Amino acid sequence: MTFPAVRVRFAPSPTGYLHVGGARTALFNWLYARKHGGQFLLRIEDTDKARSTDESTRAIFDGLTWLGLGWDEDVVHQGANLERHGHDAQHLLDGGHAYRCFCTADELEQRRKHAAASKDAFKYDRRCDRLDPTEVARRVAAGAPFVIRFRVPEGITSWDDMVHESISFPNKDVEDFVILRSDGTPIYNMAVTSDDVAMRISHVMRGDDHISNTPKQILLYRALGAELPRFAHFPMIHGLDGKKLSKRHGATAVADYQHMGILPQAMNNFLALLGWSPGSDREVMTMEEMVWLFSQDGLLRKASVFDPKKLEWMNGQHISRLSGAELAPLAAATFVRFGLLAPDDPALPEPWFHRVLDFVKERCRTLDDLARLARPFLPHVKLEIDPALVESHLRKDPVLTRQLLLESADMLGGLDGWKPVVMEGALRALAERRGVAAGKVFQPMRVALTGSTVSPGIFDVLSQLGRDVSVTRLRDAAALLA
RNA sequence: GGCGGUAUCGUCUAGGGGACUAGGACACAGCCCUCUCAAGGCUGGAACACGGGUUCGAAUCCCGUUACCGCUACCA
């Protein structure tokens, strides 16, 4: 027996940026396709011309590209398939699965309000389905506008969801939904089903806000005589307050995290763990490992809360585990933004640059941290010491500090060899001679050497900087105190 | 209101009838390491929503309640 080909799709509507919930849906689809050697397709659902923008479409492409979630065939623009959607709807009408409805939007609105006022559940009452055929023909001939409604049959509609177990809806709770607007364009469920059939989608995997659309789509598949795909409904992602993630929660676009210095693999890793678990305590994973570990058995049903703190932690883990060479291209844009490198800077592929990244990466949680910490070790960047730091760390005890700086400069300048262990012995001896705690020597040195109170160990800093630069910076700082 | 879904530490989760004194991670607190900051190590507080069943035995299965979420458009 052969398994049907796995073909999945991510189908966002281009009405904003790519937000983290969408990204997670795309990720799961991508992971599933990779896992099973199938295709991951992208379809832009732009049938709502009023809300769709090219800018949003671009944002979706950019977001997916940044995350590394490439799609396998040409992008499908739903709007290009309007004709087929219309045909399918017509086919349904011809086959007796649908009927014309002449009720206007205003009338419907009135009836809905009326129902709400008397606390009744509103459901279309099928009055147009009871119209006499000659009356229908008369109205059509007279040019009366109409929509096409699907005639929901009796019975119950259910399916085995890959995330949930069996979900079922009594058809009496599903109203005769509109499939074609009066202007001949399709409504969501019609367009989606028509496209999914045409694209031979095998697994429809999306957010669980679509659960109540599923019975409608299943009914459409059946009326169209098409084979049903498998369905999977992923739980929503909420903000810290437990409410649906929205702008109120701060950053919700994947691009926001990109600009905050989050690595795409960390974003994917973090998102994957929202609604999926490998079934063990495994947390930090590469994309390859996730593909390997991904399984529908690990799919969770409960909505999860997006916690930016944990994302940052995870980002730090990824940064530390990547080599300087791997980090360089990922960090390039950030270094450019910090004014430390030019776009396509020749330093990017240089081993010395990679060594700098390796030198500081362990203490970073974001690429911004990386840029900040790497700065003092970039030979072409002039060291600047924040005046506030000069005040708080050097001018506290200017005479002694200047003395210590000068002495260490002399001492280091004449040191036999440039080894951290040797420096340590000499510097500690110096502190002892002057009767001060070692930290009293090291911290001013750190500020003098890096312009910061945070850096790798001071002897490693000296070693990385080299003797000449180190001595110069110590003397320069001392000069500030003269 | 109707329909659907969900329920384990503050958060992400492990758990699939006995291995649960409920495990890990983030966050938080303390300690260790230590020249700073991270990383790392150790320790601590912190959860099975509630009520009924089923069973010798329930976090795990069933029912109900509650809470939360989603859908309820000629939006997607």
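Quick caveat: nothing in here was measured; it's all calculated off a predicted structure. Chain naming here is simple, since letters A, B, ... match the order of the sequence lines and numbering starts at 1 in each.
Counting heavy-atom neighbours within 6.0 Å of A:Glu432 CD, excluding the residue itself, gives a total of 12 or less. Counting non-hydrogen atoms of other residues, nucleotides and ligands closer than 6.0 Å to CH2 of A:Trp292 gives a total of 12 or fewer.
Going from the C1' atom of B:A59 to that of B:A49 covers 12 Å, rounded to whole Å. The same atom, C1', is picked in B:G24 and in B:A46; the two are 14 Å apart, to the nearest Å. Comparing the same atom, P, in B:A27 and in B:C74 gives a spacing of 48 Å after rounding to whole Å. With P as the reference atom, B:A25 and B:A14 are 15 Å apart, rounded to whole Å. Comparing the P positions of B:A47 and B:U6 gives a spacing of 26 Å, expressed to the nearest Å. The gap from the P atom of B:G52 to that of B:A58 amounts to 13 Å, rounded to the nearest Å. Nucleotides B:C9 and B:G23 are separated by 14 Å at their P atoms, to the nearest Å. Using atom C1' as the reference point in both B:U66 and B:G30, the two lie 39 Å apart (nearest Å).
Contact annotation for A:Thr47: backbone-only contact, meaning every heavy-atom pair under 4.0 Å involves sugar-phosphate atoms and none involves a base. When heavy atoms are screened at a 4.0 angstrom cut-off, A:Gly275 is found touching the sugar-phosphate backbone but no base atom. If you check every strand for non-hydrogen atoms under 4.0 Å, A:Glu45 touches sugar and phosphate atoms only. Across all strands shown, A:Pro456 has heavy atoms under 4.0 Å from base atoms, whether or not it also approaches the sugar-phosphate. Residue A:Ala105 is classed as a base contact, given a heavy-atom separation below 4.0 Å to a base. Using a 4.0 Å heavy-atom cutoff across all strands shown, A:Thr453 reaches at least one base atom of the nucleic acid. Across all strands, A:Val305 comes closer than 4.0 Å only to sugar-phosphate atoms, never to a base (heavy-atom distances). Residue-level contact check: A:Arg446 touches the bases, meaning some heavy atom is under 4.0 Å from a base atom. When heavy atoms are screened at a 4.0 angstrom cut-off, A:Phe306 is found touching no nucleic acid atom at all.
Between the side chain of A:Lys310 and the base of B:A27, no donor-acceptor pair under 3.5 Å is found. For B:A76, its base sits under 3.5 Å from the side chain of A:Asn213 at one donor and acceptor pair at least.
Regarding A:Glu424, its CD atom lies at a distance of 12 Å from the P atom of B:U36, rounded to whole Å. Atom-to-atom, CG of A:Leu274 to P of B:C69 comes out at 18 Å; the value is rounded to the nearest Å. What separates CZ of A:Phe150 from P of B:C74 is a distance of 17 Å, to the nearest Å. The nearest whole Å value for the distance from the CZ atom in A:Phe359 to the P atom in B:A38 is 17 Å. The CG-P distance, from A:Asp160 to B:G5, rounds to 13 Å in whole Å. Here B:G4 presents its P atom at 11 Å from CH2 of A:Trp159, a figure rounded to the nearest Å. We find that CZ of A:Arg112 is positioned 11 Å from P of B:C75, with the value rounded to whole Å. Distance A:Asp208 CG to B:C3 C1': 15 Å, rounded to the nearest Å.
OP1 or OP2 of B:A7 sits under 4.0 Å from a side-chain N or O of A:Arg301. The phosphate of B:A38 has neither OP1 nor OP2 within less than 4.0 Å of any side-chain N or O from A:Arg365. For B:U8, the OP1/OP2 oxygens have a side-chain nitrogen or oxygen of A:Lys302 closer than 4.0 Å. Within the structure, every side-chain polar atom (N or O) of A:Gln217 is placed at least 4.0 Å from both OP1 and OP2 of B:C71. Note on A:His210: every side-chain N or O is 4.0 Å or more away from OP1 and OP2 of B:G70. Residue A:Arg181 places at least one side-chain N or O under 4.0 Å from the OP1 or OP2 atom of B:A76. Within the structure, every side-chain polar atom (N or O) of A:Ser455 is placed at least 4.0 Å from both OP1 and OP2 of B:C37.
Mapping A:Ile458 and A:Met236 onto RNA chain B by nearest heavy atom places A:Ile458 closer to the 5' end of the strand. Comparing A:Phe146 and A:Ala121 by the nucleotide of RNA chain B that holds the closest heavy atom to each, the one mapping nearer the 5' end is A:Ala121.
Side-chain atoms of A:Glu312 do not come within 3.5 Å of backbone N or O of A:Arg365 as any donor-acceptor pair. A:Arg149 places no side-chain N or O within 3.5 Å of a backbone atom of A:Phe177 that could act as its donor or acceptor partner. A side-chain donor-acceptor contact under 3.5 Å links A:Arg24 to the backbone of A:Leu274.
Aromatic ring pairs are classed by plane angle as parallel below 30°, tilted from 30° to 60° and perpendicular above 60°; the pair A:Phe359 and A:Phe377 is perpendicular.
The distance between the ring centers of A:Trp313 and A:Phe270 does not fall below 6.0 angstrom.
The existence of a salt bridge linking A:Asp196 and A:Arg43 is confirmed by a sub-4.0 Å separation between a basic side-chain nitrogen and an acidic carboxylate oxygen.
B:C20 makes up no base pair with any nucleotide shown, lacking Watson-Crick or G-U wobble contacts both under 3.5 Å.
The side chain of A:Leu300 lies closest to B:U13, out of B:C3, B:C35, B:U13.
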